[in-house]
**Student:** 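Below are the structure tokens for one structure; questions will follow.
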Protein chains: 2
Amino acid sequence: MTSDAERFCVSDLKKERANCSFDREELTNLMDGGKKMTEIRRKYAQSFLSDPVYDDATPPDYLSHEDLYGNELRKACHTLRKMNKEGISIKKMTMHGPRGLMQDGNPLMLHTGMFYDAIVGHGNKEQREKWLPLAEKADIIGTYAQTEMGHGTFLRGLETTATYDKSTKEFIIHSPTLSATKWWPGGLGKTANHVVLMAQLHIDGKALGPHPFMVQIRDLETHRSLPGITVGEIGPRAGLNSNDNGFLRFDHHRIPRTNMLMKHSQVLEDGTYVKPPHAKLSYGTMVITRVSLVFHACLQLRSAVTIATRYSAVRHQSELVPGEPEPQIFDYQTQQYKIIPQIASVFALFFAAQSCGKTYIKAMSNIQEGDMELLPELHALSSGLKAIGGKDASAGVEICRLACGGHGYIASSNLPRIYGNTTCIITYEGENTVLLLQVARYLIKSFRSGELGTPLRKSVAYLSAQSTSGEINLTNEGLVEAYKKSVSAMVAETEGRLRRLCDSGLNYHHAWNKCSVSLVKCAEAHNRYYICDQFVKNVESLEVSPGLRNVLRDLCRLYLIYHISLNEGMFLKAGVLSPGDIEILEEEMSELLAKLRPQAVSIVDAFDIDDKLLNSTLGAWDGNVYQRLYDEAMKSPLNKTDVPKAYKKYLKPMINAKL
Amino acid sequence: MTSDAERFCVSDLKKERANCSFDREELTNLMDGGKKMTEIRRKYAQSFLSDPVYDDATPPDYLSHEDLYGNELRKACHTLRKMNKEGISIKKMTMHGPRGLMQDGNPLMLHTGMFYDAIVGHGNKEQREKWLPLAEKADIIGTYAQTEMGHGTFLRGLETTATYDKSTKEFIIHSPTLSATKWWPGGLGKTANHVVLMAQLHIDGKALGPHPFMVQIRDLETHRSLPGITVGEIGPRAGLNSNDNGFLRFDHHRIPRTNMLMKHSQVLEDGTYVKPPHAKLSYGTMVITRVSLVFHACLQLRSAVTIATRYSAVRHQSELVPGEPEPQIFDYQTQQYKIIPQIASVFALFFAAQSCGKTYIKAMSNIQEGDMELLPELHALSSGLKAIGGKDASAGVEICRLACGGHGYIASSNLPRIYGNTTCIITYEGENTVLLLQVARYLIKSFRSGELGTPLRKSVAYLSAQSTSGEINLTNEGLVEAYKKSVSAMVAETEGRLRRLCDSGLNYHHAWNKCSVSLVKCAEAHNRYYICDQFVKNVESLEVSPGLRNVLRDLCRLYLIYHISLNEGMFLKAGVLSPGDIEILEEEMSELLAKLRPQAVSIVDAFDIDDKLLNSTLGAWDGNVYQRLYDEAMKSPLNKTDVPKAYKKYLKPMINAKL
């Protein structure tokens, strides 16, 4: 905050900030991953935020779809140039670059993201040495083309083929059906000239499954699409509209053998197929992508709660006590109940994703030593967290938007856009329901192993009959125990139903399907337990000052009770909590909301989101909400003239027609 | 359906339709309110749907904000002309006009809606005779201006003033602060030349509360805003973007005394204020608006489930049994669980809104006889239904959208737009949380009256200790009893907490606030009970053929169990259902989903939504999803050329720069 901002912020926010009971900078550092990281982030951010190239004279929301694309391409190209000039590598930039500056996605987002990562993840040494520098210098512009019109999460169903032609040492890339059309990749429609393509490998009539290929799709001089290739954009979406998401079709298009990315599998000149040493090695990218999505979801939720919290402190409405002045709407318990649990959710998801990240690092180092044991655990953890993270963040953003009333519906609040950019997490990188059913498969398998006395992996150890459990009481540890017991009971019940259906003669797969609504609930409950457990552990083990720990403890406590209250049936059915316990907890929740309310503005301040990145009339640091709403409205091209052009064309003739 | 459509629809849908176990036309008639009404609806619809003026060469999603406004104004003006030519009155048109043809709202929507209704509802005889024909003939174009930047649901907080000047017999209309700016009215920004304005009436220094005034804001010849008036549009929103929602400020603007709408209150020439005979008479409009919003929410949900159901029958994905062909995704229980309860929800909301409408008619006729007794009941019912209807429909639309995976995120699915047009119902015409707290107030008051032995109104009679309740078992009637008992227990618990807080010395209003999260839950549960009760009663009492009744019974049963399962804690805490009961019900739900699945396509077919109104690549009657997605994408202006204009301007220079 600058002293100017301090001076001009509305008095409500000044008062809120005076309540702060902890060291705000300490919290900022914690969320950045250390003091040093805060510095780096701020340094990079400043270099972008002070650059006038990113300032739009007309807000993008007013532009046509085509102009929006052009405008974001302008900024994206400037960004790549700037990075090269300042010697920032693509990797550094995706880590530290303020992606928020191009909020609707940008045409080069996949180039610096998944295209680059795919070369790193799938290319062998020579391939990486060849293509990474070209990508870095923007000599080639790429994207990652996997999803098709007809298939998304179910990778094995992809229809695009890459058939090896021994005689010419080429792959023939082909889209055999309409539904084989590649569909969705960002930057594919009009920007990329290369793609990393996932296609079904065929050699000598044998299908070998999906593999990655580097395919040039546009001429590097003219940018025209190459013969045998049809490419275009898929049209507007619920969000990310300047990303030129595209489609791509191949008509027997040939590429050299050496364009198959061969870090894992290889095809030799004579058509010999060489399997990867470890079939599941390529898992790693998927896992880390999912974990990073949880962090991404978390960032979106941070923005939304920052906006809703500040607005709630500034907006005065109605009467709490008749005759008294209109209170800040944040004084209403119902408003606190909407927003403060979402603040807690930010921390819960953050700590859970961090823990999962640590498991990933451990698993990767184990794999180096040939130990694949952690992979199923990691797969289940990351799948479940991605699902819950996407769902919770989307729901949370929408709760925040609705908590801002009508003004939350206005684009200049930025809340509609944040929602559009968050809800897609539920669908991409593995559709949530599919992922949760995979988690459920792990739970049922573990439960059955546990029944046979096999020792279980850490995150599911509690499902074993042998697991020694702690006491159930209303302390945090006791509530985590209550979670374990009740998820366990739920898994046991569902497994029992599954078994009975099979015993009654139903095929296992049909029985599974008949239980799948319950199985999804098991997976969600398991992940909630994991998130709660990690929240409790982190809050107690973090090296932080007492002031900050107290706030984190309150948030953690609120999170636990909030989710128990939302799912009270599970605890009551398992008999681990009584109706009386739940009543006590809900009364405590009421106290916690009141206790956290005065800290809320300071907590979201500690998320340290620059006004330009937050991009919200309702959430700006100074709280000058009504003036900002008015000023933003005045930027509408329709407001440039008193009488709109369309008046003469349509309205006047109708009025004059004397109907 | 035409025979052509029949011929070309994909085989999956043909098979689904062959399953139909009921008379589809009978269901269509039921939802329309009778055979005759179906005919009228289709007749009006056909006249609009066959009119090429409504066909957009470029889908509106590609247009700039300004062009979008112009395009919809074009269609809206044509509509008014057409109506006049064909002799359709505004009232008829708003009832039967296919508003779906202008899906993002249109600049004349408030003119034919709330402006017209406000004159009817607030104008005295002379005023109605003066202004209604002008509105009908579009000699004046109006909107309704109530909400301000600083105040929405809390009407008493409005800041715009209308001060009576005896000397000139005028009102001086003024916006004393920035937050007094009128903000939101549709059509206000650039289209309307008149508004019905709500402003605080002041006479001789005395504040008399909000009253309605007819105010001209633009010159009828030049369309320029009048001196002393600042008017413009508020900028883009999460939906309804061609509505030119606007803002309006007054600087001591004078209007004649006779421009106050004086059906209820009057101001005489000498400044005498004459109160309305019945203070709450103007309630009626609010009630009927809220009921109509439930129907509106219902219509949106109908569109969304139609799209999701048809798409689920056409989309094949993954494996149910390994090695077998990819099944229709509708065969997955998890997919059925997402969609079929939303179909049930359409009927539940429909019947509840119908019942509430009947109570309204009864209340209005009672009022004619001076009996205001039904008003509190009606107010609570309509407020609660609007809140639940808006919330359920929004959540349901979003579940449907997500059930369509990635393609549900594409604008051409129409699901993002439907969501944008539904979620606003939560906020406008009384913010949901505020309304639910009003319902809660009615519940607590009724509960306390019941304790004193006072007889209670029908919808809350069950809260009385004296209420004789039926047996709780797992029949529909038994489950409705279970609802009554558990909502009653919840209200009693919350009332107890409220009392204890007061006893401990807390001011009643602060105690109320401290219980408000629970109070909202009570209100929601009460309304759910009411909806379930009405569903059960309607299904049994409707005059329909056995085939249709069976389907409706299954939907009703599913609805009951679905909501019990979602709120199982409430039933367990009250001890009215056991964990065993809930397990039995959930297994029954699994059977119901399987049983209803083959009827689902036929049920949504019976909603009889024309392809042009549904406007969805995923939901069209023929199920030709992939071809439609592709064809719609080809309409993108960016796809008109292979190389985009922005390439030369931004991409080529960057690539050539050899970073």
Side-chain angles (χ1 to χ4, degrees), chain A residues 61-62 64-66 70 73-74 77 84 137-138 149 152 154 178-179 190 223-225 232-238 317-318 321 333-334 337 405-406 409-412 416 424 427 431 433 509 513-514 516-517 568-569 572-573 579 590 626 633 636-639 642-644 646-647 650 654 659, chain B residues 61-66 70 73-74 77 84 137-138 149 152 154 178-179 190 223-225 232-238 317-318 321 333-334 337 405-406 409-412 416 424 427 433 509 513-514 516-517 568-569 572-573 579 590 626 633 636-639 642-644 646-647 650 654 659:
Chain A
D61 289 313
Y62 294 105
S64 72
H65 186 69
E66 190 169 2
L73 183 63
R74 172 182 68 79
C77 288
N84 270 276
K137 294 282 171 197
M149 238 185 195
F154 184 61
L178 177 62
S179 57
K190 293 286 147 184
H223 204 60
R224 283 205 203 101
S225 54
E233 75 126 7
I234 64 169
R237 300 159 296 278
Q317 198 74 182
S318 201
V321 178
Q333 190 190 49
T334 46
Y337 181 72
Y409 193 71
I410 297 187
S412 75
C424 45
T427 309
E431 197 277 331
T433 305
H509 304 287
N513 189 32
K514 253 185 178 300
S516 56
V517 168
E568 52 184 13
L572 292 165
K573 279 198 287 189
S590 168
Y626 300 121
S636 168
L638 273 171
N639 286 334
D642 183 23
V643 177
Y647 167 71
Y650 305 116
M654 179 187 72
L659 301 180
Chain B
D61 290 312
Y62 294 104
L63 302 180
S64 72
H65 187 69
E66 191 170 2
L73 184 62
R74 172 181 68 79
C77 288
N84 270 276
K137 295 281 171 198
M149 239 185 194
F154 184 61
L178 177 62
S179 58
K190 294 286 147 182
H223 204 60
R224 282 205 204 101
S225 52
E233 75 126 7
I234 65 169
R237 300 159 296 279
Q317 197 75 180
S318 200
V321 179
Q333 190 190 50
T334 46
Y337 182 72
Y409 193 73
I410 297 187
S412 75
C424 45
T427 309
T433 305
H509 304 287
N513 188 33
K514 253 185 177 301
S516 56
V517 168
E568 50 184 15
L572 292 166
K573 279 198 287 189
S590 168
Y626 299 121
S636 168
L638 273 171
N639 286 333
D642 183 23
V643 177
Y647 167 72
Y650 305 117
M654 179 187 72
L659 301 179

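All chains are named by letter (A, B, ...) in the order of the sequence lines, taking the proteins before the strands, and each is independently numbered beginning at 1. No hydrogens, no waters, no symmetry mates; every other heavy atom, side chains included, goes into these values. Nothing here was measured: the structure is a model prediction, and the numbers come from that model.
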**Student:** So which of Arg237(A), Met654(A), His509(A), Gln333(A) has the biggest tally of heavy-atom pairs under 4.5 Å with chain B?
**Tutor:**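 Counting heavy-atom pairs under 4.5 Å, the top option is Gln333(A).
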**Student:** Would you mind telling me which of Pro416(A), Cys424(A), Ser516(A), Pro637(A) has the largest number of heavy-atom pairs within less than 4.5 Å of chain B?
**Tutor:**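 Most pairs with chain B among the choices: Ser516(A).
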**Student:** Output all residues satisfying ring pair (Phe, Tyr, Trp, His ring centres under 6.0 Å) with Tyr647(B), sequence neighbours left out; order by chain, then residue number.
**Tutor:**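 Only His223(A) meet the ring pair (Phe, Tyr, Trp, His ring centres under 6.0 Å) criterion with Tyr647(B).
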**Student:** How far apart are the closest heavy atoms of Gly232(B) and Asn639(A), and which atoms are they?
**Tutor:**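 Here Gly232(B) and Asn639(A) meet closest at CA-OD1, 3.3 Å.
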**Student:** I'd like to know which of Ser412(A), Gly406(A), Gly152(A), Gly405(A) tops the heavy-atom pair count under 4.5 Å against chain B.
**Tutor:**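 Highest number of heavy-atom pairs under 4.5 Å: Gly406(A).
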**Student:** Heavy-atom pairs under 4.5 Å with chain B are the metric here; pick the option from His65(A), Met149(A), Glu568(A), Lys573(A) that has the most.
**Tutor:**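 Answer, by heavy-atom pair count under 4.5 Å with chain B: Met149(A).
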**Student:** Please round to the nearest 0.5 Å and tell me the distance separating atom SG of Cys77(B) and atom OH of Tyr650(A).
**Tutor:**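 Separation between the atoms: 9.0 Å.
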**Student:** Please confirm whether the backbone N or O of Arg224(B) pairs with a side-chain atom of Asp642(A), one donor and one acceptor, at under 3.5 Å?
**Tutor:**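 The answer is no, because no donor-acceptor pair under 3.5 Å joins these two groups.
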**Student:** So which of Glu66(A), Glu431(A), Lys190(A) has the largest heavy-atom pair count under 4.5 angstrom toward chain B?
**Tutor:**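 Of the candidates given, the most pairs with chain B belong to Lys190(A).
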**Student:** Relative to chain B, which of Ser318(A), Gly569(A), Ser179(A) shows the most heavy atom pairs under 4.5 Å?
**Tutor:**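 Of the options given, most contacts go to Ser318(A).
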**Student:** Does any heavy atom of chain B fall under 4.5 Å from the side chain of Thr427(A), the backbone, both, or neither of them?
**Tutor:**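 Thr427(A) touches chain B through side-chain heavy atoms alone.
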**Student:** Below 4.5 Å from any heavy atom of chain B, which atoms of Leu178(A) appear? Answer side chain, backbone, both or neither.
**Tutor:**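 Just its side chain gets close to chain B.
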**Student:** Chain A: which of Tyr62(B), Tyr409(B), Tyr337(B), Phe154(B) shares the most heavy-atom pairs with it under 4.5 Å?
**Tutor:**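 Maximum pair count with chain A is reached by Tyr409(B).
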**Student:** Please report the closest heavy-atom contact between Pro236(A) and Asp61(B), naming both atoms and the distance.
**Tutor:**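 Result for this residue pair: CG-CB, 3.6 Å.
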**Student:** If you count heavy-atom pairs under 4.5 Å with chain A, which of Ala238(B), Gly235(B), Ala633(B) comes out on top?
**Tutor:**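 Looking at each option in turn, the highest pair count goes to Ala238(B).
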**Student:** Taking Val517(B), Val643(B), Asn84(B) one by one, which has the highest count of heavy-atom pairs under 4.5 Å against chain A?
**Tutor:**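 Looking at each option in turn, the highest pair count goes to Val517(B).
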**Student:** Mind checking what makes ring pair (Phe, Tyr, Trp, His ring centres under 6.0 Å) contact with Tyr626(B), not counting sequence neighbours?
**Tutor:**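 Per chain and number, Tyr626(B) pairs via ring pair (Phe, Tyr, Trp, His ring centres under 6.0 Å) with no residue.
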**Student:** Please report the interatomic distance CD1(Ile234(B)) to CG(Leu638(A)), rounded to the nearest 0.5 Å.
**Tutor:**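 These two atoms lie 12.0 Å from each other.
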